[in-house]
Amino acid sequence: MTQLGLDIPVFQAPMAGVSCPELAAAVSNAGGLGSLGLGAMTVVQAREAIQTTRALTGRPFGINVFCHRESVPEAETVTRWLTWLRPEFARFGGEPPSTLRPLYRSFLGHDEMLDMLVEERPAFLSFHFGLPSRAAIDRLHEAGILLAVSVTSPEEAITATDAAMDVLIVQGYEAGGHRGVFDPLAPDRRLGTHVLLAEVQRVSSLPLIAAGGIMTGMDVAAVLKAGAVAAQLGTAFVACDESRASAAWKAALTEEKGRETAIVTILSGRPARGVRGRFAELEARPDCPTPPAYPYAYDAAKQLAALVAASGVTEYDAFWSGIHGRAARALPAGELMARLRQEMAFSLSGDN
């Protein structure tokens with residue numbers, strides 16, 4: 001990964017809806033690798049975000065796309081789900097929608113997005129929820145783009161290695177946001193970052209980027225000592241000045257009495273870790289039905305959150321966060337990077 005020219009082995013996670021050109025550029029300008037999450041963007045929006053970031057930094061930055069398998073839920077599943085959620089909407093004087101939309105398009109088969117990325121040639125491109133086709137991988141490699149994918153198990157690491165990935169992002173169970181599992185219906189061993197890092201090293205010789213529960217320079221140093229070449233931090237950047245997270249989201253992390261986190265599936269249709277809210281309570285109910293597949297369930301959750309926002313209620317919002325979210329620091333991204341560098345250097349110097 002020497003072509004990325006990093007001064008500090010820190011990747012800013014490409015959090016869709018939180019990452020933006022200003023945040024990505026600030027991290028890259030500080031010596032790390034800033035990133036943009038394109039999952040919620042159209043091709044036009046994605047190209048504009050890439051070009052805007054290039055205007056803000058002359059250094060490399062990363063791009064991320066979702067590779068979920070698109071599956072239209074059965075009408076009966078949607079009706080059952082919306083009927084079950086009806087009392088939640090009614091609490092705030094609303095009605096659930098009659099249908100659900102797939103809010104996020106998958107990169108799989110998205111030729112227009114692929115063409116745009118080949119034209120724009122970002123330095124680094126990562127995949128979440130799985131891998132694209134071999135034909136797409138070959139085209140991206142031909143464009144000189146370094147490719148990575150999130151893996152949550154040794155088995156996924158083997159698949160990714162065989163698929164000619166250049167780098168693996170080892171996502172531990174502590175991580176905030178959506179689990180990068182290739183198959184959300186398959187058993188999940190829920191391996192922590194350090195355990196997973198050790199297991200993946202036994203099955204792949206690719207460079208590994210550790211992700212999950214990493215908030216400080218000491219945490220970065222710890223995964224470097226464990227064999228990672230870099231660390232990916234997401235929640236640590238949510239509270240930064242440049243982040244597009246809402247004020248309520250940032251407060252949920254930084255307030256003195258921050259809430260615990262939980263893995264919840266029914267909010268979006270895929271398992272994701274965030275600040276514990278109403279959807280965690282709903283998922284624990286014995287009468288909770290199976291939600292529609294990702295991202296259809298997300299549409300209902302977002303509409304419900306928008307409805308209750310007028311009442312100042314945030315319990316339905318998706319405040320994604322890793323398990324150590326309360327360690328987030330409300331700082332400009334450049335200043336956070338400087339502190340991470342200092343903490344990392346101090347921790348590593350202590351071993352000498």
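We're numbering straight along the sequence, starting at 1.
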Is there a side-chain contact between [X] and [Y], using heavy atoms and a 4.5 Å cut-off?
X	Y	answer
Phe237	Leu331	no
Pro332	Glu242	yes
Gln45	Glu48	no
Met41	Ile50	no
Tyr296	Leu103	no
Glu70	Leu108	no
Leu147	Val167	no
Arg339	Met344	no

Please check if the side chain of [X] supplies one atom and the backbone of [Y] the other of a donor-acceptor pair under 3.5 Å.
X	Y	result
Ser28	Pro60	yes
Trp249	Asp317	no
Ser243	Ala239	no
Thr83	Thr79	yes
Gln12	Gly62	no
Asp219	Thr216	yes
Arg59	Gly5	yes
Ser347	Glu343	no

Over all heavy atoms of both residues, which pair between [X] and [Y] is shortest? Give the atoms and the distance, please.
X	Y	value
Leu82	Thr99	CD1-N, 4.4 Å
Ser321	Leu253	OG-CD2, 3.4 Å
Leu336	Cys240	CD2-SG, 3.6 Å
Met116	Ala46	CE-CB, 3.6 Å
Thr261	Arg273	OG1-NH1, 3.2 Å
Leu206	Asp166	CD2-O, 3.8 Å

A quick test of your reading: do over 12 heavy atoms of other residues, nucleotides or ligands sit less than 6.0 Å from [atom1] of [X]?
X	atom1	result
Arg190	CZ	no
Glu76	CD	no
Arg276	CZ	no
Glu335	CD	yes

| query | Salt bridge or not for Arg139 and Glu142, using N-O below 4.0 Å? | reply | no

| message | Check this for me: does any side-chain nitrogen of one of Arg189 and Glu199 sit under 4.0 Å from a carboxylate oxygen of the other? | response | yes

Kindly work out whether a path of hydrophobic side-chain contacts (I/L/V/M/F/W/Y, heavy atoms less than 4.5 Å apart) joins [X] to [Y].
X	Y	result
Val181	Leu267	no
Val275	Met215	no
Phe279	Ile323	no
Phe124	Leu56	no
Met218	Leu348	no

Once rounded to the nearest 0.5 Å, what's the spacing between atom [atom1] of [X] and atom [atom2] of [Y]?
X	Y	atom1	atom2	result
Ser150	Glu156	OG	CD	9.0 Å
Leu196	Ser153	CG	OG	7.5 Å
Leu117	His110	CG	NE2	9.5 Å
Phe61	Leu36	CZ	CG	6.0 Å
Arg80	Leu85	CZ	CG	12.5 Å

| query | What about the rings of Tyr298 and Tyr104, do their centers lie closer together than 6.0 Å? | reply | yes

| field | Aromatic contact, Phe107 with His68 (centres under 6.0 Å) | value | no

| message | Which Ile, Leu, Val, Met, Phe, Trp or Tyr residues join Ile158 in one cluster when any pair of side-chain heavy atoms under 4.5 Å counts as a link? | response | Val203

| note | Residues joined to Tyr173 in its hydrophobic cluster, side chain to side chain under 4.5 Å directly or through other members, sorted by chain and number, are Ile263

Under a 3.5 Å cutoff, is there a donor and acceptor pairing between the side chains of [X] and [Y]?
X	Y	result
Ser35	Ser19	no
His324	Thr235	no
Glu120	Gln51	yes
Glu174	Thr193	yes
Glu155	Thr159	no

| field | Residue of the set Ile63, Asn64, Val43, Leu125 for which side chain to side chain contact (heavy atoms under 4.5 Å, CB included) holds with Leu38 | value | Ile63

| remark: side chain to side chain contact (heavy atoms under 4.5 Å, CB included) with Gln171: of Val151, Thr152, Val149, only one passes, and it is Thr152

| Think Arg270 forms a cation-pi with Phe129, using NZ or CZ under 6.0 Å from the six-ring centre and within 45 degrees of its axis? | yes

| request: Any chance you could lay out the side chain to side chain contact (heavy atoms under 4.5 Å, CB included) test for Phe127 and Phe182, step after step, and finish with the verdict? | output: CA-CA 10 Å; Phe127 309 110; Phe182 290 11; over 6 Å; no

| Verdict with reasoning, His128 to Cys67, per side chain to side chain contact (heavy atoms under 4.5 Å, CB included) | CA-CA 6 Å; His128 207 57; Cys67 288; over 6 Å; no

| said: Run the side chain to side chain contact (heavy atoms under 4.5 Å, CB included) test on Tyr294 and Ser106 for me, step by step, so that the C-alpha distance in whole Å, both residues' side-chain angles and the decisive distance to 0.1 Å come before the verdict. | reply: CA-CA 10 Å; Tyr294 177 91; Ser106 177; over 6 Å; no

| request: Take Arg278 and Glu281, measure what salt bridge (Lys or Arg N to Asp or Glu O under 4.0 Å) needs, and give me the verdict at the end. | output: CA-CA 5 Å; Arg278 178 60 176 160; Glu281 298 174 359; 2.9 Å; yes

| task | Evaluate side chain to side chain contact (heavy atoms under 4.5 Å, CB included) for Arg326 paired with Glu260, printing each intermediate quantity in order. | result | CA-CA 9 Å; Arg326 281 182 285 185; Glu260 296 298 322; 2.5 Å; yes

Donor-acceptor contacts, no H, no angles, side chain residues 303-311, under 3.5 Å, sequence neighbours left out:
| residue | atom | partner | partner atom | Å |
| --- | --- | --- | --- | --- |
| Gln303 | NE2 | Asp299 | OD1 | 3.1 |
| Gln303 | NE2 | Asp299 | OD2 | 3.4 |

